[in-house]
Engineer: 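Below you will find the structure I want to go over with you.
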Number of protein chains: 2
Amino acid sequence: MRAAGRDALRATVVDAAGEILAKEGPAGLTMRRLAAALGCTTTVLYTMFASKQGLIDAMYREAFDRLTARMRAIPHDAPPAERLRLGGLAYRENALSSPQLYQLTFGAAAPEHTPGPEARAAAEASLEPLIGIVQACIDAGLFRPEDPRFIAQVLTAAAHGAVSLELSHYFWSQAEAEQRYATLCAAAAQAFAR
Amino acid sequence: MRAAGRDALRATVVDAAGEILAKEGPAGLTMRRLAAALGCTTTVLYTMFASKQGLIDAMYREAFDRLTARMRAIPHDAPPAERLRLGGLAYRENALSSPQLYQLTFGAAAPEHTPGPEARAAAEASLEPLIGIVQACIDAGLFRPEDPRFIAQVLTAAAHGAVSLELSHYFWSQAEAEQRYATLCAAAAQAFAR
DNA sequence: ATTGTGCTATAACGCTGTTATCGTAGTCGA
DNA sequence: TCGACTACGATAACAGCGTTATAGCACAAT
């Protein structure tokens, strides 16, 4: 079971990197600072992650895993409409709780980064819980019977658009941002109602 | 009129920076490379823009000015619904025609950058043409009489969300991206129909 | 002609990601 | 128990980054 210990180590490092990112911003996240925070040298980081890209890729996966966990935490036995509402709230809450990590998954903080296969898989997986909720809405007769993945992607685009503008400070207040987020999410959902 | 010549110079530099950004990506846009491309030294750039942030800020404004120009180019005498449709197409076309510049305005390629006052004004100004179109839709009885700025912001969030996911390669093909974009934009607009 | 002023090239500083070199600890075989 | 081999980490270096202090040069004013 050497792999388990290695994965635990990687998780520790990724957590520390996330803390630095949240506290000091993308420019503060350097291999040297991370190594110093962990009490080791950069050599260790390079043997673990091969490059800074590799570290970013691991953080990228972590970000999507968090989203997946939040979406999965929505009770399955609630009414479909309520699950959908909670999903919308969870998405924004997740983004606002660690904005830098969220933005990492959309190019900011790592403009050059292209996610690796596992990272892409994590991104895909994060959509699954919402697809399940959408399917429940279809089964309950709330939504028209279209491709649930398609619907989930459109809903995600709506949520992301509003939250992305909020994080870029294109709205004046948090209240305005919340209102625009709710309006757009509701509009997107309404488009699939039968 | 010394200022005119200075502004022309700045425009030349910003254009060159935009070309490097488009061709080599964010990491390729360095002060040294830009200076080399222009046949001068970095000192000149620093007297013109004070810092790389200043250069980014100028590019940020340029990006929004382009969007403003595209939106203004939509014929004013077309039917409001058609103007709205053209606006949606123009937004995505603008983003796809220079993706790196577009992403610059949402944190990518310059995570630390916070737009200055003039840049923020340019961003605000880019919303005005759409606000005009929305107002026309209200006047024509297509939209409910709500705050046109609010409506325009929600529409922008919709368009941005879909195009942002597309640029982050979260869709498999351009056809899929286009379909999701159209669906979400239509859904957002439909929410304000009377 | 001389002084002064503004602009630019040179070169440097501290930082970055990355890696070659070297030393060391720990394991395996005799 | 001893020696050799292996694997890993610390040190220090390299090229390149944003930025700036220094120094020189061209040109306007007196």
Side-chain angles (χ1 to χ4, degrees), chain A residues 1-10 12-14 16-21 23-60 100 104 107-116 119, chain B residues 1-10 12-14 16-21 23-60 100 104 107-116 119:
Chain A
M1 265 299 155
R2 187 69 57 83
R6 197 196 53 186
D7 285 357
L9 254 179
R10 282 177 66 101
T12 305
V13 175
V14 169
E19 272 186 40
I20 296 180
L21 180 65
K23 209 177 300 176
E24 321 231 16
L29 178 59
T30 72
M31 299 300 267
R32 281 177 172 84
R33 285 177 85 90
L34 178 57
L38 291 167
C40 67
T41 62
T42 60
T43 314
V44 181
L45 302 179
Y46 278 93
T47 62
M48 291 179 70
F49 296 99
S51 69
K52 189 177 184 182
Q53 293 286 328
L55 171 68
I56 299 291
D57 209 64
M59 298 177 72
Y60 182 102
Q100 303 276 14
L104 193 72
E112 306 281 70
H113 173 252
T114 354
Chain B
M1 267 298 142
R2 184 74 54 85
R6 196 196 52 183
D7 286 358
L9 253 179
R10 281 177 66 99
T12 305
V13 175
V14 169
E19 272 187 39
I20 296 179
L21 180 65
K23 209 176 301 176
E24 322 230 15
L29 179 59
T30 72
M31 299 300 267
R32 284 175 167 87
R33 286 176 84 91
L34 179 58
L38 291 166
C40 68
T41 63
T42 60
T43 315
V44 182
L45 302 179
Y46 279 92
T47 60
M48 291 177 71
F49 295 99
S51 69
K52 189 177 181 181
Q53 291 286 329
L55 171 68
I56 299 291
D57 210 64
M59 296 176 73
Y60 183 102
Q100 304 276 15
L104 194 72
E112 307 280 71
H113 174 253
T114 352

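Protein chains get the first letters and strands the later ones, always in sequence-line order, with residue 1 at the start of each.
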Engineer: To check you understand the geometry: which heavy-atom pair defines the closest contact between Val44(B) and Thr47(B), and what is its length?
Structural biologist: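 Smallest interatomic distance, heavy atoms only, reads O-OG1, 2.7 Å.
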
Engineer: Name all pairs fulfilling the salt bridge (Lys or Arg N to Asp or Glu O under 4.0 Å) condition that reach into residues 23-36 of chain B, sequence neighbours left out, sorted by first residue then second.
Structural biologist: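 Qualifying pairs: Glu24(B)-Arg33(B).
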
Engineer: Grab the two heavy atoms, one from Ala17(A) and one from Leu55(A), that are nearest each other, plus how far apart they are.
Structural biologist: CB-CD1, 4.2 Å

Engineer: Check side-chain contact (heavy atoms from CB on, under 4.5 Å) between Ala16(A) and all other residues, then give those that pass, not counting sequence neighbours.
Structural biologist: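 For Ala16(A) the side-chain contact (heavy atoms from CB on, under 4.5 Å) partners, ignoring immediate neighbours, are Leu34(A), Leu38(A).
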
Engineer: Does any part of the side chain of Gln100(A), heavy atoms only, come nearer than 4.5 Å to the side chain of Leu29(A), both counted from C-beta?
Structural biologist: no

Engineer: Tell me the bend of the helix from dA1(C)-dT30(D) to dA30(C)-dT1(D) as the angle between end helix axes, each from five pairs, rounded to the nearest 10 degrees.
Structural biologist: 20°

Engineer: Quick one: salt bridge (Lys or Arg N to Asp or Glu O under 4.0 Å) pairs with a partner in residues 44-55 of chain B, sequence neighbours left out?
Structural biologist: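 For residues 44-55 of chain B: none.
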
Engineer: Output the residues of residues 31-40 of chain A in contact with DNA chain D, where contact means a heavy atom of the residue under 4.0 Å from an atom of the strand; sort by number or write none.
Structural biologist: Arg32(A)

Engineer: Could you work out, with side-chain contact (heavy atoms from CB on, under 4.5 Å) as the rule, every residue matching Ser51(B), not counting sequence neighbours?
Structural biologist: Gln53(B)

Engineer: Which nucleotide of DNA chain C is the first, and which the last, in the 5' to 3' direction, to come under 4.0 Å of a heavy atom belonging to chain B?
Structural biologist: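 Terminal contacting nucleotides, 5' to 3': dT8(C) to dA12(C).
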
Engineer: Partners of Thr12(A) by side-chain contact (heavy atoms from CB on, under 4.5 Å), sequence neighbours excluded?
Structural biologist: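 Partners of Thr12(A) under the side-chain contact (heavy atoms from CB on, under 4.5 Å) test: none.
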
Engineer: In the structure I gave you, are the side-chain heavy atoms of Ile56(B) and Phe49(B) within less than 4.5 Å of one another anywhere?
Structural biologist: no

Engineer: Quick one: list whatever passes side-chain contact (heavy atoms from CB on, under 4.5 Å) with Tyr46(B), sequence neighbours left out.
Structural biologist: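 Once residues adjacent in sequence are excluded, the partners of Tyr46(B) under the side-chain contact (heavy atoms from CB on, under 4.5 Å) criterion are Met31(B), Thr42(B).
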
Engineer: Relative to the 5' end of DNA chain C, which residue comes earlier, Thr42(A) or Val44(B), by the nucleotide with the nearest heavy atom?
Structural biologist: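 Checking each residue's closest nucleotide, the 5'-ward one belongs to Val44(B).
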
Engineer: If you look at every heavy atom in Ala58(A) and Val14(A), which pair is closest and at what distance?
Structural biologist: CB-CG2, 3.8 Å

Engineer: Check DNA chain D against residues 46-55 of chain B and give the residues with a non-hydrogen atom under 4.0 Å, in numerical order.
Structural biologist: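 Close to the strand are Tyr46(B), Ser51(B), Lys52(B).
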
Engineer: For Ala37(A) and Ile20(A), work out which heavy atoms get closest and say how close.
Structural biologist: CB-CD1, 4.2 Å

Engineer: Looking at Thr30(B), I'd like to know whether one of its side-chain N or O atoms comes within less than 4.0 Å of OP1 or OP2 on dC17(D).
Structural biologist: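 Yes, within the criterion.
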
Engineer: Working to the nearest 0.5 Å, report the span between OG1 of Thr43(A) and CE of Met48(A).
Structural biologist: 13.0 Å

Engineer: Round to the nearest Å and state the distance from Leu45(B) atom CG to dC17(D) atom P.
Structural biologist: 13 Å

